[in-house]
K.L.:
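There's a structure below that I have some questions on.
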Amino acid sequence: MTPAFPVHRQGEKFRYWVIAQGASVSLWEFVQDRWSLLWFQGYQHVSLVIQSLIVATLLALVLACLSYRSSRVTSVALSASSVGLTFPSFALFGLLIAFIPNGVTVSVVALAFYGTLPILRNAVVGLARVDPGLVESARGMGMSRTATLLRLEIPLAWPVIITGIRISAQMLMGIAAIAAYASGPGLGSFIFSGLSRIGGANATNSAWAGTLAIVVLAVLLDLVLNLLGRLTTSRGIRV
Amino acid sequence: MSETDVTNADLPADGPEPQVHGQRILLDGVTKRYPGQKAPAVDDITLEIPAGEIVMLVGPSGCGKTTTLKMINRLIEPSEGRILIGDEDVTHKDPDELRRHVGYVIQGAGLFPHLTVAKNIALVPRLLGWDKARIEARVTEMLELVNLEPDQYASRYPRELSGGQQQRVGVARALAADPPVLLMDEPFGAVDPITRQRLQDELLRLQEELRKTIVFVTHDFDEAVKLGDRIAILQVGSAIAQYDTPEAILANPANEFVEGFIGHGAALKQLTLTRVRDVDLHEAAVARVGDDPAQAVAAAEELGREHVIVLDGAGRPLRWLPLRALRRPDALTRVARDENLESVSLASTLNDALDEMLTSSHGVVVVTGRRGRYEGVVRIETVMEAMQGLQSPAHEAGRVTR
Ligand SMILES: Nc1ncnc2c1ncn2[C@@H]1O[C@H](COP(=O)(O)OP(=O)(O)O)[C@@H](O)[C@H]1O
Ligand SMILES: [Mg+2]
């Protein structure tokens with residue numbers, strides 16, 4: 001891993017020449033040199049995850065609201081969620097590419113699919129756990145079913161739902177790396193290009209840089225979601 | 001403004017008879033069959049609940065009390081029969097619309113934990129589309145009505161309240177939109193006996209002002225005797241074993257089932273029939289916050305008392321103080337409320353007063369009237385006298401073995 005000669009002592013031009021020629025540099029130097037590209041791909045990665053997460057959250061909430069009142073449908077939803085998560089992501093991307101020409105669309109569809117599952121699971125559990133006495137008193141006051149759902153049940157299940165969203169976000173940050181396979185955007189391109197050239201100059205650096213960036217961004221995203229969860233949870237039910 | 005008049009804090013205790021605001025409820029041949037059950041849970045009940053009265057539905061567990069109650073606001077749809085509130089058949093009314101005009105209180109209050117006390121109370125007025133200012137005023141009024149300081153409690157969350165306070169907010173919430181009818185399903189079942197007694201007293205005090213039609217479910221016969229203008233004793237299938245005033249039921253149980261339900265010691269239960277307002281109250285030495293302690297001491301000594309009861313600005317009792325605590329000139333500038341002050345209301349029974357006295361260190365218990373204002377004290381002698389007066393006729397009837 002040690003460069004053959006002290007690259008950083010040379011002039012800027014020479015340095016790029018060296019990198020372009022594929023001479024290996026340290027990981028730190030690699031990151032510094034690709035900073036803007038890394039930054040751009042990181043942005044794309046997070047943006048892909050957040051967009052898919054929003055779709056997944058809405059989808060999961062709709063499915064949960066449709067299913068939580070029936071214990072049969074609820075158990076179907078829970079098993080579907082477990083089974084869905086065992087589906088190998090690489091295979092899903094591969095299959096979707098066959099049907100959808102646009103790489104970005106493939107990525108969003110696949111990520112939304114995976115993202116929905118943990119949120120659905122948590123939402124169904126959270127909604128089912130709302131005290132039936134409270135629902136009855138809401139109905140007894142003349143709140144409609146929809147009003148009860150929107151103003152009582154979802155707010156009470158919200159902390160559990162938000163936990164599902166956080167789990168989902170972490171998972172999607174990882175799975176999104178595979179999006180590069182579908183020529184989707186994101187940090188996966190660093191990893192893929194590294195892994196496909198393994199042994200070549202900077203191949204490991206590339207894979208490492210992509211992986212570490214994903215980890216760092218995942219931690220940051222989790223912090224943000226955690227904060228968002230606290231801000232959107234009533235003080236009356238915060239733990 | 002007419003709304004605030006109804007619950008005006010300054011109505012004199014002996015003022016004109018308040019108007020009846022409740023509406024009659026009529027259950028007409030109502031039956032409920034749950035799917036998959038042979039016997040109906042409620043079998044053809046016909047019951048008229050007069051406007052402005054508290055009717056207690058009492059009976060053993062599973063006899064159909066809750067089912068009967070919930071058919072009135074159609075949380076459970078009757079299989080057969082009609083239900084009228086006032087002159088309106090509500091059996092085919094839009095259920096949400098109906099429920100917004102029928103107060104409903106359940107055990108544990110059912111407060112929404114994610115909303116503040118104020119928001120909880122505002123729920124039905126909001127559903128009815130009241131404007132903000134009106135809702136805000138109403139919330140304050142309701143909190144005062146149930147003796148919770150609005151400044152202190154409006155912005156709290158339910159989990160920051162005691163069980164008794166939650167239950168009071170539950171009542172405030174149910175009354176917020178001023179419904180003519182209030183349905184209560186074992187509302188005080190989950191609180192300790194002392195709190196329950198206070199909540200019962202408070203309900204009676206509210207009812208004096210509000211005159212709603214209240215249907216109250218309980219399995220506790222003593223509670224039924226204390227609160228009910230009438231009691232319907234129900235058997236399995238909501239079959240009415242007896243429907244009458246507490247006095248009449250105690251005096252003439254209709255059958256063995258009712259006798260069994262009343263249980264033994266009916267004479268002692270008579271103590272539950274005598275209200276504090278029916279006996280002569282005594283005067284205690286009274287001082288008010290801000291009074292001159294020296295004068296208070298002088299007044300107490302004149303009456304030959306060693307303690308004074310201190311009242312707040314609104315005339316509500318705060319605590320007992322011994323005369324020696326009044327030596328300091330600033331002794332009455334600021335007096336903390338004794339949260340455990342033994343007190344009963346005019347509507348309390350002598351039984352309650354006796355209970356309180358047994359925990360009191362003063363042999364007396366403070367009596368409060370409207371809005372928790374001081375009315376006088378009951379002494380143990382008073383209760384004893386009343387007991388003797390009640391027990392002798394009971395002896396003749398051969399009911400008491402002691
Ligand atoms: N939702 C329901 N489905 C089926 N049976 C019920 C339901 N609710 C109550 N029951 C039955 O109806 C009967 C009366 O119940 P309930 O009205 O709750 O009695 P109570 O309030 O007097 O204890 C009981 O036998 C109970 O098992
Ligand atoms: Mg019941």
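Naming: A, B, ... by sequence-line order, numbering from 1 per chain.
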K.L.:
Leu127(B) versus Arg151(A): any side-chain heavy-atom pair under 4.5 Å?
P.N.:
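Of all side-chain heavy-atom pairs linking Arg151(A) with Leu127(B), at least one is under 4.5 Å.
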K.L.:
How about Glu160(B) and Arg235(A): do any of their side-chain heavy atoms sit closer than 4.5 Å?
P.N.:
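Heavy-atom side-chain distance check passes, below 4.5 Å.
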K.L.:
Using a cut-off of 6.0 Å, state whether more than 12 heavy atoms not belonging to Asp131(B) lie near its atom CG.
P.N.:
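Buried by this count: over 12 neighbours within 6.0 Å.
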K.L.:
Considering residues, nucleotides and ligands other than Tyr34(B), do more than 12 of their heavy atoms fall under 6.0 Å from its OH?
P.N.:
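Counting neighbours around OH of Tyr34(B), more than 12 heavy atoms of other residues, nucleotides or ligands fall under 6.0 Å, so yes.
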K.L.:
What part of Glu97(B) is in contact with chain A, defined as an atom under 4.5 angstrom from a non-hydrogen atom: side chain, backbone, both or neither?
P.N.:
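For Glu97(B), no heavy atom lies under 4.5 Å from chain A.
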K.L.:
Within a reach of under 6.0 Å around CZ of Arg126(B), are more than 12 heavy atoms found that belong to other residues, nucleotides or ligands?
P.N.:
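No, CZ of Arg126(B) has 12 or fewer neighbouring heavy atoms, counting only those of other groups under 6.0 Å.
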K.L.:
Of the backbone (N, CA, C, O) and the side chain (C-beta and beyond), which part of Pro113(B) lies under 4.5 Å from a heavy atom of chain A, both, or neither?
P.N.:
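Answer is both: backbone and side chain atoms of Pro113(B) are under 4.5 Å from chain A.
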K.L.:
Mind listing the closest non-hydrogen atom pair of Gly110(B) and Ser137(A) along with its distance?
P.N.:
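Looking at all heavy atoms of both residues, the shortest contact is O-OG, 3.0 Å.
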K.L.:
Quick one: what part of Val105(B) sits under 4.5 Å from any heavy atom of chain A, side chain, backbone, both or neither?
P.N.:
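Neither the backbone nor the side chain of Val105(B) comes within 4.5 Å of chain A.
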K.L.:
Can you name the nearest heavy-atom pair linking Leu123(B) to Met141(A), along with the distance?
P.N.:
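So the two residues come closest at CD1-CE, 3.6 Å.
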K.L.:
Indicate the atoms forming the closest heavy-atom contact of Gly140(A) with Leu75(B), along with that distance.
P.N.:
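Where Gly140(A) meets Leu75(B) most closely, the heavy atoms are N-CD2, 3.9 Å.
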K.L.:
Walk me through whether Ile237(A) and Arg159(B) qualify under side-chain contact (heavy atoms from CB on, under 4.5 Å).
P.N.:
CA-CA 8 Å; Ile237(A) 52 170; Arg159(B) 68 170 175 194; 5.7 Å; no
K.L.:
Which atom names give the shortest non-hydrogen contact between Leu134(A) and Leu111(B), and what distance separates them?
P.N.:
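Heavy atoms of Leu134(A) and Leu111(B) come nearest at CD2-O, 3.2 Å.
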K.L.:
Hey, is CD on Glu136(B) packed in by over 12 heavy atoms from elsewhere, all under 6.0 Å?
P.N.:
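Not buried by this count: 12 neighbours or fewer within 6.0 Å.
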K.L.:
Between Ala138(A) and chain B, which part of the residue has a heavy atom less than 4.5 Å away: side chain, backbone, both or neither?
P.N.:
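Contact with chain B involves both backbone and side-chain atoms of Ala138(A).
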K.L.:
Any chance you could lay out the side-chain contact (heavy atoms from CB on, under 4.5 Å) test for Leu152(A) and His114(B), step after step, and finish with the verdict?
P.N.:
CA-CA 8 Å; Leu152(A) 177 72; His114(B) 63 299; 3.7 Å; yes
K.L.:
Contact part of Arg173(B) toward chain A, heavy-atom cut-off under 4.5 Å: side chain, backbone, both or neither?
P.N.:
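The side chain, not the backbone.
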K.L.:
Working note: Glu136(A) + Lys70(B), criterion side-chain contact (heavy atoms from CB on, under 4.5 Å); need CA distance, chi angles, decisive distance, verdict.
P.N.:
CA-CA 10 Å; Glu136(A) 189 189 287; Lys70(B) 284 191 193 167; 2.8 Å; yes
K.L.:
Does any heavy atom of chain A fall under 4.5 Å from the side chain of Arg100(B), the backbone, both, or neither of them?
P.N.:
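Both parts, backbone and side chain.
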K.L.:
For Arg230(A), I'd like to know if atom CZ has over 12 heavy atoms of other residues, nucleotides or ligands within 6.0 Å.
P.N.:
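Open.
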